[in-house]
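For ligands, and for the atoms within them, numbers begin at 1 and follow the listed sequence. Heavy atoms only: backbone and side chains are in, while hydrogens, waters and symmetry mates are out.
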Amino acid sequence: MKNQYLIDLLERVKARNAGEPEFHQAVEEVLESLEPVVEKNPKYIESGVIEMLVEPERVIKFRVPWVDDNGKVQVNRGFRVQFNSAIGPYKGGLRFHPSVYEGIIKFLGFEQIFKNSLTGLPIGGGKGGSDFDPKGKSDAEVMRFCQSFMTELSKHIGADTDVPAGDIGVGGREIGYMFGQYKRLKNEFVGVLTGKGLTYGGSLARTEATGYGLCYFTDEMLRDNGKSFKGAKVVISGSGNVAIYATQKATQLGATVIALSDSNGYIVDEKGVDLDAVKEIKEVKRGRIKEYLNYHPEAKYVDGGCVWEVKCDIALPCATQNEINEESAKKLVANGCFAVAEGANMPSTPEAIHVFQKNGVLFGPAKAANAGGVATSALEMSQNSQRYSWTFEEVDAKLKDIMVNIYHNSAKAAEEYGMKGNLVAGANIAGFLKVANSMLAYGVC
Ligand code: NDP
Ligand code: 2IT
């Protein structure tokens, strides 16, 4: 970065948010991308818009006490970062994972501003969660935790204010418990959460949306560069919501998904992963990916290994932040991988992205590539407002359209600012402009 204003601003962000490296990383990437934008349009500096943008509108931090199955009181910490409401109500998921602290929620909330803007739909940026670990907890414990979490969160959200959804550790079960508690506390049946069950206001295709959307985006990126999923070997990390439906769509598009992982290790099945087995292990039994060998003893399981060691043509990281470091990126390149698209949020380190870009690997950044989940959440909000529901095919067609547009808008913005082919810069710029221009219209507020 050469622009002194942006350099100083990044230093202030780091000092003000000490001990939050993931947030610093997310801000640094965006500020770097904005360099050509502010040089062409100094109004974004003079108006203070960028300074306002890196400061959340509101951070809510609260105690979440609950009683475990042994009658013991447990206390977790809850967060909601309402980052930016320039273009719509705060929108973004809730993450339940022991690694959650304020810096993780801030980085996710910051990314969400640009991602949500890219969808073309009227949603602002927010994120929340807790350091609660759902692993090994009974349904009753998860329910009591979710009820306690929502008892406090309900004071801060609303269908036109802030609409949370799922993320790591938060799926249909947790959304159900939280929606039930909200409805009971407020005596209102409104679209205050997305990812709801189909019998109580959920949208068809929301479950599939992030993984499907990732593949629609990737398919368009490949097509635009004379390549395709057909006949390609794909490695996907994670084996949760995003990974499962990315596997399904990539397979439908003609690829063979040969590996999946979880935080314990990875499986390789050269014939193509048997998704029914994975869905039973993960969605029904809430088990570990190594149990895949009970269904397919001929497959391979590597305990504690790094899934990026597996040779592939296309890599779709769908687990967590910073899961591809420089070494893994070099390994992927050496093994002939020609495309990487991010289902997870910020899964590649800056060094890894550099390796991909230097070696001509097609790279679809998270804000663009995984926006299909939140886009479909916004479609769920529209259906809730209309008290109506669209068919699976209608939602899926809109999702596909949105992802194809995100690809082209990001590619176009990159080209306009002299960075042709750099979708990281293009997505950041295209996402920024809509939010920043709205903020300019509001003046200082
Ligand atoms: P799930 O909880 O359904 O699955 C998460 C998967 O990632 C699991 O396989 C989990 O393994 C693995 N994982 C999580 N944390 C770690 C870690 N620290 N180290 C190694 N593996 C890990 O979550 P989702 O599929 O919903 O989310 C996956 C990613 O996609 C996240 O980055 C999320 O932010 C992003 N995302 C999700 C969207 C959605 O709509 N759900 C939308 C856009 C992005 P294990 O079970 O062992 O923990
Ligand atoms: O990171 C994300 O975009 C999500 N977890 C989905 C957010 C949403 O509101 O659907």
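Closest approach of Gly78 to Val64, counting heavy atoms only: N-CG2, 3.7 Å. For Asp139 against Arg173, the heavy-atom pair with the smallest separation is OD1-NH1, 2.6 Å.
Using a 4.0 Å cut-off between charged nitrogen and carboxylate oxygen, Lys233 and Glu270 count as a salt-bridge pair.
The nearest heavy-atom contact from the protein to atom 7 (C) of ligand 2 is Gly93 N, 3.5 Å. In terms of protein heavy atoms, atom 3 (O) of ligand 2 is closest to Lys115 NZ, 2.8 Å. Distance from atom 9 (O) of ligand 2 to its nearest protein heavy atom, with residue and atom name: Lys91 NZ, 2.6 Å.
In this structure, Lys137 satisfies the cation-pi test against Phe132, with its NZ or CZ atom closer than 6.0 Å to the six-membered ring centre and inside 45 degrees of the ring normal. Judged by the 6.0 Å and 45° rule, Lys249 forms a cation-pi pair with Tyr212.
Residue contacts with ligand 2, taken as heavy atom pairs separated by less than 4.0 Å, do not involve Thr376 at all. Proximity of Arg206 to ligand 2, defined as any heavy-atom pair under 4.0 Å, is confined to the side chain (atoms from C-beta onward).
Aromatic pair Phe145/Phe96: centroids less than 6.0 angstrom apart. Aromatic ring centres of Tyr101 and Phe79 lie farther apart than the 6.0 Å criterion allows.
Near Ala165, meaning under 4.0 Å from any of its heavy atoms, are these atoms of ligand 2: 8 (C), 9 (O), 10 (O). Taking every heavy atom of Gly166 and a limit of under 4.0 angstrom, the matching atoms of ligand 2 come to 4 (C), 5 (N), 6 (C). Taking every non-hydrogen atom of Gly92 and a distance limit under 4.0 Å, the qualifying atoms of ligand 2 come out as 7 (C), 9 (O). Within ligand 2, the atoms closer than 4.0 Å to a non-hydrogen atom of Lys127 are 1 (O), 2 (C), 4 (C), 5 (N), numbered from 1 in the order shown. Against a heavy-atom cut-off of under 4.0 Å, Ser377 is close to the following atoms of ligand 2: 8 (C), 9 (O), 10 (O).
Counting heavy atoms of neighbouring residues, nucleotides and ligands inside a 6.0 Å radius, atom NZ of Lys434 exceeds 12 of them. Residue-environment remark: CD (Gln252) exceeds the threshold of 12 foreign heavy atoms within 6.0 Å.
For a heavy-atom separation below 4.0 Å, the residues in contact with ligand 1 are Arg95, His97, Lys115, Lys135, Asp167, Ile168, Gly169, Arg206, Thr210, Gly238, Ser239, Gly240, Asn241, Val242, Ser261, Asp262, Ser263, Arg288, Cys318, Ala319, Thr320, Gly343, Ala344, Asn345, Asn370.
Using a 4.0 Å cutoff on heavy atoms, Gln112 counts as a contact of ligand 2.
A heavy-atom distance below 4.5 Å is not found between the side chains of Gln357 and Val361.
A side chain to side chain contact (heavy atoms under 4.5 Å, CB included) with Pro164 is found for exactly one of Val170, Leu193, Ile175, namely Leu193.
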